[in-house]
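One structure is given here, and the rest of the page talks about it.
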Amino acid sequence: MQTTKSLKYWQWRTIIVTMIGYAMFYLVRKNFSFSMPGLQADFGITKTQLGIFLTLHGVIYGLSRFVVGIITDRSSARKVMSLGLLLCAIVNILFGTSDVVAGWVISLAGKAGNGVAIGSVLVYIMGTLWLINGFLQGMGVPPCTKTLTQWIHPSELATKMSIWNMSHSIGAGLAMALCGWFIMPHLGINMSADPDVVATIAANVKLDPADPKVLAFAEHFGAWRWCFLIPAAVAVLGFLFLLVFFKDSPSDVGLPEVVGKKKAIVTTPEEAAEHNAFVRKHVYGNRIIWTLAITNFFVYVVRFAALDWGPTLLTESKDISMASATTLCVLFELLGGNLGMVFWGWATDHWFKNKAHHSSLYCMIGVAVCILCFYVMPKGSSLWMLVIPFTLLGFFIYGPQALLGVCAAQHATNKASATANGILGIFGYASTIISGFGFGFIADHYGWNIVYVTIMVMACLAILSLVTMWGAKATGYDDTDLNRGEAAEAE
């Protein structure tokens, strides 16, 4: 009985610690979305260029999750995650001061008087830094996936890992609230009264100087840098927190393993060969993993449409203020997203017999309906009318966002869960080819209506992909491992 109580305590402690740690990664990643209007206003960086930033960051991040997943399955999750968060904080500090660095580069090159625009140099510096940040961000999810599959029995994994997955929405919501409600309105340099600056901003964002949207840009002039510096300071505290409180597995605190034997760190050639053979069978040769990965691509296009482009898309396609757009995005994440993850995780374990791909299918049907309802609402609709479908979109899209990873972890088992989720990460963040550069290009050349149509098509393709694996089992564990884990929890 005492073992059971200790295990439950350490399970929830591990869930909470990794939730806080991963939420910190979001603070130094999704801050970029709220810096975008400032970067347009200050330096004339276009939506297409910003979309390229998002795409390259996402592709590198997806590849990093795969590489880091392989490394994490063989090493200490605690060390990987804490180091990654510290390095992300450092890169954000450099990004927040990148315009100063660009000025130095131009000055050192002796071109300050030759008409070289700081914006052109800045794009390359920012792009490089954001690529580095994308790779380092890949050090967040794999350690959590590995650790949680060590601590949680497969019969409870969907529920408890969905609760952990709230860290995505909590982190994104905190980033939105910090940047959209505090930094952008209060830490910018209000230049709306300076006609010369207003004219410059109007030229940068390609609008008439009399357009009210130009004044909105001018009110937030210069605030973009604080969207990186302040979250970076918080992330440094997160790094120290992980070093102190993170524990890799039950055996690290003297408890029995939950499922099978301890997932040891691979150190010898024999262990490496055994591990590689297991991964080839249960991950690379597993059709279910690849189907989940393809589905993840479509799911993430929809999710990133709201997450990365939300502030810009909402203000321009629905004619609402940045404050109102921030409110919608925060409700999408913190209310809709968190409720959705917890509800659909619980429903998977209690209604769908641990079959996460079944609950994900119903979620994507709900996503398609919400997108259609939001799209048909005209410009000028009241905020409360827009809140309902946009919040419900978060409720449904965060179901499969959490559960596809759970399903992959179940089928790859705790021996290769980080590697399997790394493959899902590649496909999920390859989606930024569409949701990043693609949406930026479409919005610049064809308007937001075509963006909405593209989002709807992606949701429908996700539905079709999930239908093809309807008959799959719930997990890849054999009965011996499952029974051993249940016996350990009952001690």
Side-chain angles (χ1 to χ4, degrees), residues 158-159 161-163 165-166 168-170 172-173 291-310 313-314 317-318 328-377 381 384-408 424 427-428 431 434-435 451-470 472 474:
T159 299
M161 200 163 176
S162 291
I163 292 172
N165 213 70
M166 290 169 63
H168 293 73
S169 286
I170 291 171
T291 304
L292 291 169
I294 292 169
T295 305
N296 210 40
F297 176 92
F298 302 130
V299 167
Y300 266 64
V301 171
V302 178
R303 179 182 170 228
F304 284 154
L307 192 57
D308 287 338
W309 287 104
L313 181 148
L314 292 169
S317 71
K318 298 300 180 185
L328 283 175
C329 290
V330 170
L331 289 173
F332 170 88
E333 292 289 337
L334 295 183
L335 182 60
N338 285 331
L339 286 178
M341 281 182 280
V342 173
F343 172 79
W344 290 107
W346 178 89
T348 298
D349 284 337
H350 292 83
W351 291 352
F352 297 104
K353 300 178 181 178
N354 307 124
K355 293 184 177 181
H357 51 296
H358 286 187
S359 46
S360 295
L361 174 60
Y362 292 111
C363 284
M364 288 312 300
I365 293 171
V367 165
V369 173
C370 289
I371 294 169
L372 180 61
C373 291
F374 190 81
Y375 170 58
V376 299
M377 287 189 172
S381 297
W384 295 110
M385 286 183 65
L386 296 172
V387 159
I388 296 171
F390 204 69
T391 302
L392 284 175
L393 177 60
F395 176 82
F396 286 113
I397 196 61
Y398 272 101
Q401 190 276 333
L403 293 172
L404 294 179
V406 171
C407 194
L424 265 66
F427 279 75
S431 70
I434 295 176
S435 65
V451 171
Y452 280 113
V453 172
T454 306
I455 297 170
M456 175 62 75
V457 170
M458 295 296 109
C460 292
L461 289 174
I463 292 170
L464 293 175
S465 181
L466 287 165
V467 167
T468 66
M469 60 175 294
W470 180 264

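Starting from 1, each residue takes its place in the sequence as its number.
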- Under 30°, 30 to 60°, or over 60°: which ring-plane class applies to Phe352 and His358, parallel, tilted or perpendicular? perpendicular

- Message: Tell me every residue that passes side chain to side chain contact (heavy atoms under 4.5 Å, CB included) with Leu331, counting only those two or more places apart in sequence or in another chain.
- Response: Thr327, Leu335, Val387, Thr391

- For Ile388, check side chain to side chain contact (heavy atoms under 4.5 Å, CB included) against everything at least two apart and list the hits. Leu392

- Using the six-membered ring wherever Trp is involved, compare the ring planes of Phe395 and Trp344 and label them parallel, tilted or perpendicular (cut-offs 30° and 60°). tilted

- Geometric class of the Tyr300/Phe304 ring pair [parallel <30°, tilted 30-60°, perpendicular >60°]: perpendicular

- What's the verdict on side chain to side chain contact (heavy atoms under 4.5 Å, CB included) for Leu403 and Thr348, showing C-alpha distance, side-chain angles and the deciding distance? CA-CA 9 Å; Leu403 293 172; Thr348 298; 3.4 Å; yes

- For side chain to side chain contact (heavy atoms under 4.5 Å, CB included), just list the numbers for Met166 and Tyr398, CA-CA rounded to whole Å, side-chain angles, deciding distance to a tenth of an Å, and then say yes or no. CA-CA 9 Å; Met166 290 169 63; Tyr398 272 101; over 6 Å; no

- Query: Where does the angle between the aromatic ring planes of Phe374 and Tyr452 fall among parallel (under 30°), tilted (30 to 60°) and perpendicular (over 60°)?
  - Reply: tilted

- Can you name the side-chain hydrogen bond (donor to acceptor under 3.5 Å, both in side chains) partners of Tyr362, sequence neighbours left out? none

- Quick one: list whatever passes side chain to side chain contact (heavy atoms under 4.5 Å, CB included) with Ala408, sequence neighbours left out. Ile289, Leu292, Ala420, Asn421, Leu424

- Non-neighbouring partners of Ala305 that pass side chain to side chain contact (heavy atoms under 4.5 Å, CB included), sequence neighbours left out: Phe439, Ile455

- Item | side-chain hydrogen bond (donor to acceptor under 3.5 Å, both in side chains) involving Asn338 - partner list, sequence neighbours excluded | none

- Above 12 or not: heavy atoms from other molecules or residues under 6.0 Å from CH2 of Trp384? no

